[in-house]
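Notes to accompany the following structure.
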Protein chains: 2
Amino acid sequence: MTRGGGKRPTIYDVAREAGVATSTVSRALARPERVNAATREHVLRVAERLGYHTNQLARALPSGRTRTVALFVADITNPHFFGIIRGAEQQTRAAGCTLIVGDTEESPELEARNIERLSGSVDGFVIAASRMSDADIRKLGAEHRLTLISRQVDGVPSAIVDHADGTGQIMEHLASLGHRSVVYLAGPRRSWLATQRWKVISHSARELGMAATRLGPFPPAVRGGAAAADAALARGTTAAIAHNDLLAIGMLRRFADRGVGVPGDVSVVGYDDIFGADFCSPPLTTLAGHFAEAGRRAVDLLLGARGEAPRGRGAAQVVLPSHLVVRESTGPVRAGAKRPEKNL
Amino acid sequence: MTRGGGKRPTIYDVAREAGVATSTVSRALARPERVNAATREHVLRVAERLGYHTNQLARALPSGRTRTVALFVADITNPHFFGIIRGAEQQTRAAGCTLIVGDTEESPELEARNIERLSGSVDGFVIAASRMSDADIRKLGAEHRLTLISRQVDGVPSAIVDHADGTGQIMEHLASLGHRSVVYLAGPRRSWLATQRWKVISHSARELGMAATRLGPFPPAVRGGAAAADAALARGTTAAIAHNDLLAIGMLRRFADRGVGVPGDVSVVGYDDIFGADFCSPPLTTLAGHFAEAGRRAVDLLLGARGEAPRGRGAAQVVLPSHLVVRESTGPVRAGAKRPEKNL
DNA sequence: AAACGCATGGCAAGCGGTTGCCAAAAGTTG
DNA sequence: CAACTTTTGGCAACCGCTTGCCATGCGTTT
């Protein structure tokens with residue numbers, strides 16, 4: 001088994017032991033049709049006996065194909081990304097490749113630096129919720145194989161869940177409950193999602209005859225909830241749409257602390273249907289989407305796109321359906337109560 | 001900038017452009033002391049101008065050092081591992097290396113296969129909550145650079161949070177509330193933690209004069225909670241210790257469905273203090289530990305251990321402190337009620 | 001002034017595969 | 001049986017960087 005004295009056996013060892021040339025070994029391993037069945041069989045047996053394993057590095061050097069994909073997420077501690085990570089990991093593995101995961105901590109600089117650093121060591125990049133500008137992304141997309149999740153940029157392949165349509169669902173849900181005004185607690189300034197969502201919210205509000213206000217930006221995390229809740233309260237709205245579930249959960253907590261009833265005094269809606277959205281109190285009404293699928297599709301796009309696949313204009317933009325999960329954080333606007341004017 | 005026609009510039013390009021040998025370029029980049037300051041300055045400037053970036057693959061080939069670390073977690077969708085992943089990622093990056101994350105889906109086979117596959121492409125492995133046998137781990141530890149998280153095996157470096165001591169804290173907490181019996185809802189059969197915890201539970205129970213029962217195994221996930229809760233109920237205990245917070249949260253839900261009061265009828269304790277443990281209802285009493293730190297230390301151990309560092313017997317075993325976070329899922333045993341005999 | 005030491009930089013041999021090209025061998029065809 | 005096609009397998013040149021060893025040239029020592 002460990003013949004050769006400690007070092008891992010190479011194709012040279014296998015070739016010598018099998019009495020053939022290294023090229024034959026290489027081909028026996030990778031190009032079955034280029035070598036006689038009997039020879040191949042023999043080489044394989046010897047390789048097996050020696051405990052030979054291909055050195056991926058050496059294999060990648062000449063071709064430049066590392067069979068590795070990098071995934072960057074804006075915040076690795078946000079449960080929202082779990083689904084994405086898992087989906088991407090599965091698909092990468094299914095394609096016989098390896099996934100590298102990086103946390104960009106909401107920083108466009110860190111995104112760029114990470115890409116820089118890994119450039120040459122991976123076959124492509126998947127960025128979830130990129131904070132970079134369209135221009136920077138387009139530039140990067142021209143230089144590297146790149147796919148986006150939860151972000152659309154012309155000419156760059158992407159996979160998103162349909163949160164525009166989803167936001168419409170949210171608005172109709174709220175309208176149907178009798179709400180006449182809504183507040184959007186926005187996420188980071190550089191968040192593309194935040195911009196898109198606000199567009200749809202303000203537009204549907206007009207259509208539905210509701211008043212809509214945008215507040216923020218707030219950090220898209222539980223800790224951002226207190227300020228967001230207070231701001232919403234100050235606006236005297238009956239319905240609040242939080243940038244994501246983390247923020248929504250933080251708001252729920254603040255409302256509870258301040259004695260504001262949810263959904264009695266104010267209804268709260270989030271995005272993503274993350275772990276915990278179903279057991280916080282009250283359970284959160286939120287827009288759900290199949291993010292693991294988005295992760296899978298993004299990797300597909302990246303790996304499938306063998307050069308000829310549409311990049312540049314006409315790049316594939318996958319849009320996955322979304323659906324509103326109505327739980328207990330939204331309810332009919334209370335008949336009597338005008339607006340919650342409670343204080344701490 | 002893009003001279004050289006599309007391809008990434010190599011040290012050959014830099015050498016030619018700077019009028020020196022490639023070895024000089026290489027040294028100017030990596031061994032400042034081996035080259036004249038002026039020469040170095042010049043080479044660096046040319047490299048900069050050409051937009052040169054080291055090809056990590058080529059660099060790794062001769063040395064075998066890939067500056068990459070692989071981390072495997074038992075279940076990437078379990079929030080518990082977020083902290084570990086983030087900690088490991090930070091530390092890896094701080095060391096100028098790259099982290100690869102893999103999900104082993106609670107399968108020892110998948111662990112082994114993953115290691116097999118990445119062997120040669122990474123400098124070492126960190127396995128969190130390994131499901132492999134001690135013997136297999138020891139064997140792997142002898143062949144590869146390996147560090148464990150939440151698992152101790154003789155001769156293999158590891159970082160764990162002190163859940164033995166922590167389990168003692170839990171038991172004393174329950175005893176102080178008047179509980180005379182406790183049930184442990186065990187995790188996977190191959191979970192080392194499960195074994196350890198049960199040891200401490202049964203031992204302290206004896207010391208404290210309590211009755212202790214072990215039930216399970218249950219899948220360490222929310223979905224495992226229903227069966228676990230039912231089993232605990234059937235035992236008629238007043239206190240339940242769940243293998244982890246996921247399971248505990250699942251139990252909480254089941255108890256609520258069945259009209260069993262928590263902590264009125266039964267107290268529930270979990271492990272890990274995951275995201276959500278503070279806002280489920282009731283908020284969960286759980287054993288907290290600094291898992292991000294464990295992730296960091298594990299990577300430290302792996303990377304710091306430059307061969308000479310203790311491996312084999314005497315391998316470093318870092319133990320981080322743990323502390324009980326008492327929330328509302330535990331309370332004094334109810335005076336009147338003997339045992340909750342409620343049904344659906 | 002001869003002998004010596006040291007700083008500096010070049011040469012070239014790997015690291016472990018892949019692959020284009022060619023030659024030998026085997027199989028076909030007339 | 002000769003001429004020709006198709007397999008099959010070997011040679012050797014990369015891929016881009018590192019590094020041991022050696023040569024050069026300069027400053028130092030005696």
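Please read all numbers here as calculations on a predicted model, not as lab measurements. In what follows, chains are A, B, ... by sequence order, proteins preceding strands, each numbered from 1.
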Would you mind building the protein contact string for nucleotides 6-18 of chain D? One character per nucleotide, 5' to 3', B for base within reach (heavy atoms under 4.0 Å), S for sugar-phosphate only, - for untouched.
--BBBB---BBBB
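Contact annotation: the side chain of B:S150 approaches that of B:L193 to within less than 4.5 Å [non-hydrogen atoms, C-beta and beyond]. Two residues are said to be in side-chain contact when any heavy atoms from C-beta on lie closer than 4.5 Å; B:Q56 and A:L57 fail this criterion. Taking the side chain as every heavy atom from C-beta outward, B:L303 and B:C97 approach each other to under 4.5 Å.
Classification of B:R145 and B:D123 as a salt-bridged pair fails, no side-chain N sitting under 4.0 Å from a carboxylate O.
Distance CZ (B:R65) to P (D:dT19): 11 Å, rounded to an integer number of Å.
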Show your working on salt bridge (Lys or Arg N to Asp or Glu O under 4.0 Å) between B:R296 and B:E293 and close with a plain yes or no.
CA-CA 5 Å; B:R296 264 180 242 121; B:E293 180 65 14; 2.5 Å; yes
